[in-house]
K.L.:
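Have a look at this one.
Side chains included, hydrogens not; waters and symmetry mates left out as well; all remaining heavy atoms used. The first residue of the sequence shown is numbered 1, and numbering continues consecutively from there.
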Amino acid sequence: QVQLVESGGGLVQAGGSLRLSCAASGRTFSRGVMGWFRQAPGKERGFVAARGWSGGSTYYADSVSGRFTISRDNAKNTVYLQMNSLKPEDTAVYYCAADDRPKSYNAVNEYDYWGQGTQVTVSS
């Protein structure tokens with residue numbers, strides 16, 4: 001059974017930093033894509049960042065580019081999201097996602113595997 005478990009969320013002041021982790025178990029995604037999405041209250045789940053397993057290609061939403069960094073540890077089957085210069089509008093539940101071959105790296109419905117989410121709250 002595949003599981004994605006997120007950790008690292010919390011409450012931080014604007015301008016602060018957090019690092020989210022997502023550990024995958026049950027299988028590896030050695031040739032797939034792992035990514036992060038977020039959902040704020042009353043809004044649809046949206047793309048944040050994604051990274052291919054091999055080659056290290058990375059993708060970011062415009063709203064986080066330059067502030068967030070996605071990285072992977074293949075040996076630990078884990079993906080990270082370093083979030084710097086956080087803003088109140090970054091407040092959301094952050095979800096880890098994984099798929100072998102998403103047709104579109106930023107589309108929610110292209111990912112088969114999801115974590116339960118971790119809350120990030122940025123106070124002003």
K.L.:
Can we say D100 and R27 salt-bridge, meaning some charged N sits less than 4.0 Å from an Asp/Glu carboxylate O?
P.N.:
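A salt bridge is present here (some side-chain N lies under 4.0 Å from a carboxylate O).
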K.L.:
Quick one: does T78's side chain have a donor or acceptor within less than 3.5 Å of a partner on K76's backbone?
P.N.:
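Confirmed, T78 side chain pairs with K76 backbone.
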K.L.:
Quick one: closest heavy-atom pair of M34 and A24, and the distance?
P.N.:
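Taking every non-hydrogen atom into account, CE-CB, 4.2 Å.
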K.L.:
Determine the minimum heavy-atom distance between V79 and C96, stating which atoms define it.
P.N.:
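Nearest heavy atoms, V79 then C96: CG1-SG, 3.9 Å.
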K.L.:
Side chain of E110, backbone of K103: donor and acceptor closer than 3.5 Å?
P.N.:
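Looks like yes, one N/O pair under 3.5 Å.
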K.L.:
Would the distance check show the side chain of Y111 and the main-chain N or O of Y105 forming a donor-acceptor pair, the cut-off being under 3.5 Å?
P.N.:
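Yes, Y111 side chain to Y105 backbone: donor-acceptor pair under 3.5 Å.
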K.L.:
Examine distances only and state if a side-chain atom of Q39 and a backbone atom of V93 form a donor-acceptor pair shorter than 3.5 Å.
P.N.:
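No, because the side chain of Q39 does not come within donor-acceptor range (under 3.5 Å) of the backbone of V93.
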K.L.:
Can F68 and N84 be said to form a side chain to side chain contact (heavy atoms under 4.5 Å, CB included), step by step?
P.N.:
CA-CA 6 Å; F68 291 11; N84 298 328; 6.0 Å; no
K.L.:
Any chance the rings of F47 and Y59 have centres within less than 6.0 Å?
P.N.:
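Aromatic pair excluded; centres sit 6.0 Å or further apart.
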K.L.:
Does the side chain of W36 come within less than 4.5 Å of E6's, by heavy atoms?
P.N.:
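Yes, close enough: below the 4.5 Å cut-off.
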K.L.:
Using atom types as modelled and distance alone, determine if a side-chain donor or acceptor of T118 lies under 3.5 Å from a backbone N or O of G9.
P.N.:
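Yes: the side chain of T118 pairs with the backbone of G9.
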K.L.:
Does the side chain to side chain contact (heavy atoms under 4.5 Å, CB included) test come out yes or no for V33 and R51, once each step is laid out?
P.N.:
CA-CA 6 Å; V33 177; R51 185 176 179 117; over 6 Å; no
K.L.:
How close do V122 and K87 get, counting heavy atoms only, and between which atoms?
P.N.:
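Minimum heavy-atom separation between V122 and K87: CB-O, 3.3 Å.
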K.L.:
Evaluate the side chain to side chain contact (heavy atoms under 4.5 Å, CB included) criterion for residues R67 and D90: first the C-alpha distance (whole Å), next the side-chain angles of each, then the deciding distance (0.1 Å), finally the verdict.
P.N.:
CA-CA 11 Å; R67 299 188 297 122; D90 294 318; 2.8 Å; yes
K.L.:
Is there side-chain contact between V120 and L18, with heavy atoms separated by less than 4.5 Å?
P.N.:
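Counting from C-beta outward, V120 and L18 do come under 4.5 Å.
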K.L.:
Taking the six-membered ring for Trp, are Y95 and W114 parallel (under 30°), tilted (30 to 60°) or perpendicular (over 60°)?
P.N.:
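Perpendicular: the ring planes of Y95 and W114 meet at over 60°.
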K.L.:
Using a 3.5 Å distance criterion without hydrogens, assess whether the side chain of Y60 forms a donor-acceptor pair with backbone atoms of I70.
P.N.:
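Yes.
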K.L.:
Tell me whether D112 contacts the main-chain N or O of D99 through its side chain, where contact means a donor paired with an acceptor under 3.5 Å.
P.N.:
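Not at all, since once roles are kept as given, no pair shorter than 3.5 Å links the two residues.
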K.L.:
Step by step, work out the side chain to side chain contact (heavy atoms under 4.5 Å, CB included) result for V108 and F37.
P.N.:
CA-CA 8 Å; V108 170; F37 291 74; 3.7 Å; yes
K.L.:
For S85 and S17, which heavy atoms make the closest approach, and how far apart are they?
P.N.:
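For S85 and S17, the tightest heavy-atom pair comes out as N-OG, 4.3 Å.
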